[in-house]
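Notes to accompany the following structure.
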Amino acid sequence: MSPTDAVLTLTGLTKSFGDNHVLRGIDFTVQRGEVIALIGPSGSGKTTVLRSLNGLEVPDGGTAVFGNGLTIDFSNPKSKKDIFALRDSSAMVFQHFNLFPHKTVLENIIEGPVQVQKRSVVDATADALRLLERVGLLEKRDAYPFELSGGQQQRVGIVRALAIKPSLLLFDEPTSALDPELVGEVLGLIRELATEGWTMVVVTHELAFARQVASEVVFMDGGVVVERGAPEDILVTPKEERTKQFLHRILNPLD
């Protein structure tokens, strides 16, 4: 792919919470149609990267350049316009669903397109119904989140992200809050999106899924990228000792 195919280029991303340096200079590029899997121990900075790209956290430094021409220099104070631009370029699927409990499934989905993107209710509703049908939840359009299973709630969360038509989908451990028997239906949907060419960054502990679906695996620890490469290279024959230690603990939890 040529450089013009880049949907996102991150350079020197840093973030601290007091004395805790969560990100220490993160660089990576996401090409159009790629699926980047971020793996690593808890506290390594993976979720902070995603939250920074969606305007939920404001990094202390670094730049994010999106393929649509948006460039954000995080070393300068951020305006609401910058934050809205970030959220218009990317969409987040959260670990714990984060649906509005007082809104129906349909109302949850059209909230972003109508309130943020200023699209008509008619247009947003038509898109929402089409997406709900696609994921097998059309009959749940008037249900409230508490009436849905965890897997159904997460599929609605994915539809809500798709509804704003982002250039980049961000998934923060999308199956970690699900019962084991529901994990497959959500991973299956994400796999379908990958085959359709959606560009994604996925924080996950599902290593088999990352090996099957990811274009590239990025291993993070201590706020830095330790190692990155093709799934087979990182998950089967990693070069860095820290990567080897992490994978051994994940794959052999009783050792």
Side-chain angles (χ1 to χ4, degrees), residues 7 32-38 47 50 54 87-117 119-215 231:
V7 170
R32 191 171 312 282
E34 280 191 327
V35 179
I36 306 297
L38 297 184
T47 293
L50 294 194
N54 198 234
R87 292 177 184 169
D88 206 34
S89 299
S90 64
M92 187 94 155
V93 178
F94 296 90
Q95 180 176 345
H96 293 287
F97 323 135
N98 284 28
L99 301 177
F100 296 115
H102 61 290
K103 292 182 180 290
T104 66
V105 164
L106 182 59
E107 290 169 340
N108 265 280
I109 295 168
I110 69 172
E111 176 81 8
V114 173
Q115 299 300 325
V116 178
Q117 297 180 324
R119 291 166 56 194
S120 73
V121 172
V122 172
D123 178 49
T125 298
D127 272 353
L129 295 178
R130 176 180 54 80
L131 289 166
L132 282 172
E133 184 174 27
R134 180 257 161 92
V135 302
L137 291 176
L138 184 58
E139 76 282 2
K140 300 293 186 181
R141 55 176 289 179
D142 297 320
Y144 288 88
F146 75 89
E147 298 176 295
L148 306 178
S149 71
Q152 289 172 334
Q153 288 189 61
Q154 192 59 294
R155 280 186 283 159
V156 172
I158 293 172
V159 167
R160 180 177 60 180
L162 296 174
I164 69 168
K165 303 179 181 180
S167 58
L168 182 65
L169 286 169
L170 309 171
F171 292 85
D172 184 18
E173 299 191 26
T175 61
S176 64
L178 299 178
D179 292 334
E181 63 183 8
L182 300 177
V183 168
E185 68 182 60
V186 172
L187 291 181
L189 176 55
I190 298 173
R191 183 182 293 110
E192 288 177 16
L193 296 175
T195 62
E196 292 172 9
W198 285 88
T199 308
M200 297 183 269
V201 179
V202 185
V203 171
T204 185
H205 289 300
E206 301 283 350
L207 299 185
F209 168 78
R211 187 173 176 182
Q212 293 171 7
V213 177
S215 312

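What you see is a predicted model; the values in this text were computed from it and never measured. Computed from heavy atoms alone, side chains included, the values below leave out hydrogens, waters and symmetry copies. Nothing fancy with the numbering, it's 1 onward along the sequence.
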As an exercise, state the distance from [atom1] of [X] to [atom2] of [Y], rounded to the nearest 0.5 Å.
| X | Y | atom1 | atom2 | value |
| --- | --- | --- | --- | --- |
| L50 | L38 | CG | CG | 6.0 Å |
| L138 | D142 | CG | CG | 9.5 Å |
| E173 | F94 | CD | CZ | 13.5 Å |
| I109 | T125 | CD1 | OG1 | 9.5 Å |
| L99 | Q154 | CG | CD | 8.0 Å |

Legend entry - side chain to side chain contact (heavy atoms under 4.5 Å, CB included) between R160 and V93, worked out: CA-CA 8 Å; R160 180 177 60 180; V93 178; over 6 Å; no
Taking all non-hydrogen atoms of both residues, which atom of [X] and which atom of [Y] are closest, and how far apart?
| X | Y | result |
| --- | --- | --- |
| V186 | G151 | CG2-O, 4.0 Å |
| I190 | P174 | CD1-CG, 3.7 Å |
| V114 | S120 | CG2-O, 4.2 Å |
| A37 | T204 | CB-CG2, 4.5 Å |
| P166 | A91 | CG-CB, 3.7 Å |
| P113 | A124 | CB-CB, 3.9 Å |

Inset, instruction - Tell me, with the steps shown, if I158 and F171 meet side chain to side chain contact (heavy atoms under 4.5 Å, CB included). - result: CA-CA 9 Å; I158 293 172; F171 292 85; 3.9 Å; yes
Inset, instruction - Kindly determine whether L193 and L162 satisfy side chain to side chain contact (heavy atoms under 4.5 Å, CB included), including the steps that lead there. - result: CA-CA 10 Å; L193 296 175; L162 296 174; 4.0 Å; yes
Legend entry - Audit row: V156, L137, side chain to side chain contact (heavy atoms under 4.5 Å, CB included) steps and yes/no: CA-CA 8 Å; V156 172; L137 291 176; 3.9 Å; yes
Legend entry - More than 12 heavy atoms of other groups within 6.0 Å of E181 CD: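 For E181, atom CD is not crowded (no more than 12 foreign heavy atoms under 6.0 Å).
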Whether the side chain of [X] engages the backbone of [Y] through a donor-acceptor N/O pair (distance < 3.5 Å, no angle test) should be reported.
| X | Y | value |
| --- | --- | --- |
| T104 | Y144 | no |
| D127 | A163 | no |
| Q152 | S149 | yes |
| R155 | V135 | yes |
| Q117 | I164 | yes |

Legend entry - Reference residue V202; test side chain to side chain contact (heavy atoms under 4.5 Å, CB included); the match among L187, V35, V213: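 Of L187, V35, V213, side chain to side chain contact (heavy atoms under 4.5 Å, CB included) with V202 is met by V35 alone.
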Applying side-chain hydrogen bond (donor to acceptor under 3.5 Å, both in side chains), can you list everything that pairs with [X], at least two apart in sequence or on another chain?
| X | result |
| --- | --- |
| Q212 | R191 |
| D172 | T47 |
| S90 | N54 |
| E147 | none |

Legend entry - Test item: L129 and L106 side chains (from C-beta on) under 4.5 Å apart, heavy atoms: yes
Inset, instruction - Indicate yes or no: at least one non-hydrogen side-chain atom of K140 is less than 4.5 angstrom from one of L132. - result: no
Inset, instruction - Kindly state each residue pair satisfying salt bridge (charged side-chain N to carboxylate O under 4.0 Å, His left out) with at least one member in residues 103-116, sequence neighbours excluded. - result: K103-E111
Inset, instruction - Hey, could you give me each pair passing side-chain hydrogen bond (donor to acceptor under 3.5 Å, both in side chains) that has a residue in residues 92-101? Not counting sequence neighbours. - result: Q95-S176
Legend entry - Residues E133, R141: salt bridge by 4.0 Å N-O rule: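 No.
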